[in-house]
Participant: 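Below are the structure tokens for one structure; questions will follow.
Convention: sequence-line order gives letters A, B, ...; per-chain numbering from 1.
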Protein chains: 2
Amino acid sequence: MTRDDEEPVGLDALDRVTWALRRAELAVQTLKEQRLRPLGMAAAHYTLLMSVHSEPGLAGAELARRLDVTPQAVASLVARLEGRGQLERRAHPRHRHVQELHLTDAGREALRAADQVIADIERRITEDLGPEESAQLRTLLNRVGKTVRDA
Amino acid sequence: MTRDDEEPVGLDALDRVTWALRRAELAVQTLKEQRLRPLGMAAAHYTLLMSVHSEPGLAGAELARRLDVTPQAVASLVARLEGRGQLERRAHPRHRHVQELHLTDAGREALRAADQVIADIERRITEDLGPEESAQLRTLLNRVGKTVRDA
DNA sequence: TCATCAGTATCAAACGTTTGACAGCAAGCT
DNA sequence: AGCTTGCTGTCAAACGTTTGATACTGATGA
């Protein structure tokens, strides 16, 4: 490296990949939140319900790991959703201290309504990109995730 | 659309583009935070310093719009960075109520150190992807952002 | 058997952000 | 001039999350 990199600071920061990534994610998240609000649901609630739906019966701590959030954050969401009757905590058959998480019928219905909204956003994106480039974007994003996690 | 989409809920949610987007952004953000911590700086601080560096002299509210955060969040960050002597607020020449934001020398130095860390992460990603696909990823992400913002 | 260890859940406190409301300043208009 | 409108910055309160600490359970190994 004989090049003279002694710039005061990178001036090319605006067109970095991670910058574009942040902007895109922020925009998507904002739109989701906005569309979900009329249904009385936050994006975090939807994410949690969807996770429980796809893998019923796992514990809060385990769920927290999958979503990359703290166990307390999950507990907070679970408490709220349980209060609404959309989620239910059952005692684990073997480990008494552990609680399995399951969706109630009301929870399934709420998730169904929310997922229509989310799926619509997803559809708008994939239609704009086209099927080929959507798949490519997914691949690239997964590769970035893997690279960064291994760092 | 004669297809029967009456699934109880999308079971394909795990390989949606927006899901991959969330995972990737989360991983990148986590790594940034982790690498920036030893320097006593949060990712939000870095972002703010970088923005002020690239466009000095703009007001807090204007800065908030560029970063897609609330003015209060900016004010909070500015207060902290000003307390550290990395940022300075000057009275606008015409509008007395408005305050221009400028970096101090200490701020420039802190930004330089932080940017080495961030640029290293960026480099790791772009090297892993290759220049061609990095550019493509950037393009796709920008398109997603634009599509979603127009929705 | 008993002791240690890993994993889960819960509590309390600190932190950062959002929301809502307020006051000040400049430009535009009647 | 006087008035409205738009934008700015600040304050206070509510909310959600993280951090740190604690109690309990089941499994592991001496």
Side-chain angles (χ1 to χ4, degrees), chain A residues 22 25-27 29-34 36-38 40-49 51-52 55-84 87-102, chain B residues 22 25-26 29-34 36-38 40-49 51-52 55 57-84 87-102:
Chain A
R22 177 177 181 271
E25 160 67 3
L26 206 50
Q29 205 63 23
T30 301
L31 183 61
K32 282 186 179 179
E33 212 81 53
Q34 173 186 324
L36 243 33
R37 184 172 304 265
M41 187 180 295
H45 299 157
Y46 165 77
T47 303
L48 183 61
L49 288 179
S51 299
V52 174
E55 292 187 271
L58 31 64
E62 181 61 28
L63 198 46
R65 277 189 290 271
R66 317 254 169 146
L67 299 177
D68 268 319
V69 296
T70 59
Q72 286 77 355
V74 170
S76 168
L77 292 172
V78 166
R80 173 163 316 209
L81 294 172
E82 189 186 24
R84 290 190 197 168
L87 206 63
E88 114 187 307
R89 294 194 276 193
R90 304 185 200 154
H92 189 102
R94 306 179 56 84
H95 304 254
R96 195 184 327 180
H97 206 241
V98 177
Q99 306 162 357
E100 295 187 338
L101 297 177
H102 293 273
Chain B
R22 177 178 180 272
E25 161 67 5
L26 205 51
Q29 206 63 23
T30 301
L31 183 61
K32 282 186 179 179
E33 212 81 52
Q34 173 187 325
L36 243 31
R37 184 173 305 263
M41 187 179 296
H45 299 159
Y46 165 77
T47 304
L48 183 61
L49 288 179
S51 299
V52 173
E55 293 186 89
L58 33 66
E62 181 61 28
L63 198 47
R65 277 190 290 273
R66 317 253 169 147
L67 299 177
D68 269 318
V69 296
T70 58
Q72 287 78 356
V74 170
S76 168
L77 292 171
V78 166
R80 173 164 315 211
L81 293 173
E82 188 186 25
R84 290 191 198 167
L87 207 63
E88 115 186 304
R89 294 193 277 195
R90 302 184 200 153
H92 189 102
R94 307 179 55 84
H95 305 252
R96 195 188 325 181
H97 206 241
V98 177
Q99 305 164 357
E100 296 186 338
L101 297 177
H102 294 273

Participant: Please examine the side chains of V78(A) and R89(A), heavy atoms only from C-beta on, and report whether any two atoms are closer than 4.5 Å.
Facilitator: yes
Participant: Could you walk me through whether H45(A) and L81(A) pass the side-chain contact (heavy atoms from CB on, under 4.5 Å) check?
Facilitator: CA-CA 8 Å; H45(A) 299 157; L81(A) 294 172; 4.2 Å; yes
Participant: Roughly, in whole Å, what's the span from CD in E33(A) to P in dG16(D)?
Facilitator: 11 Å
Participant: Set out, in order, the CA-CA distance, both residues' side-chain angles and the distance that settles side-chain contact (heavy atoms from CB on, under 4.5 Å) for Q99(A) and R90(A), then state yes or no.
Facilitator: CA-CA 5 Å; Q99(A) 306 162 357; R90(A) 304 185 200 154; over 6 Å; no
Participant: Tell me the interatomic distance from R37(B), atom CZ, to dG16(C), atom C1', rounded to whole angstroms.
Facilitator: 13 Å
Participant: Output the rounded distance in Å from CG (L26(A)) to P (dT17(C)).
Facilitator: 13 Å
Participant: Check whether any side-chain heavy atom of R65(B) lies under 4.5 Å from a side-chain heavy atom of P71(B), and answer yes or no.
Facilitator: no
Participant: Please determine, for the side chain of R65(B), which listed nucleotide (dT17(C), dT8(D), dA9(C)) has the closest atom?
Facilitator: dT8(D)
Participant: Salt-bridge test for R22(A) and E25(B): reply yes if a basic N is under 4.0 Å from a carboxylate O, no otherwise.
Facilitator: no
Participant: Does E82(A) pair with R80(A) as a salt bridge, N-O distance under 4.0 Å?
Facilitator: no
Participant: For nucleotides 23-27 of chain C, list the nitrogen or oxygen atoms of the protein found under 3.5 Å from its nitrogen or oxygen atoms, one pair per line.
Facilitator:
residue	atom	partner	partner atom	Å
dA26(C)	OP1	R94(B)	O	3.1
dA27(C)	OP1	R94(B)	NH2	3.3

Participant: Is there a side-chain contact between L101(A) and P56(A), using heavy atoms and a 4.5 Å cut-off?
Facilitator: no
Participant: Specify the residues of residues 67-83 of chain A, ordered by number, for which at least one heavy atom lies under 4.0 angstrom from an atom of DNA chain C.
Facilitator: Q72(A)
Participant: Could you give all pairs that pass the salt bridge (charged side-chain N to carboxylate O under 4.0 Å, His left out) test and reach residues 66-78 of chain A, with sequence neighbours left out?
Facilitator: E55(A)-R66(A), E62(A)-R66(A), D68(A)-R23(B)
Participant: Could you tell me whether a side-chain N or O of T30(B) sits under 3.5 Å from a main-chain N or O of L26(B), the two making a donor and an acceptor?
Facilitator: yes
Participant: For E62(A) and dA6(C), what is the distance between atoms CD and P respectively, to the nearest whole Å?
Facilitator: 17 Å
Participant: Return the value, rounded to whole Å, for the distance between atom CD of Q34(A) and atom P of dT18(C).
Facilitator: 16 Å
Participant: Could you tell me the separation between the NE2 atom of H45(A) and the P atom of dC15(D), rounded to a whole number of Å?
Facilitator: 13 Å
Participant: Between atom CG in L48(A) and atom C1' in dT17(D), what is the gap in whole Å?
Facilitator: 15 Å
Participant: Taking atom P of dT25(D) as reference, at what distance in whole Å does atom CD of Q99(A) sit?
Facilitator: 13 Å
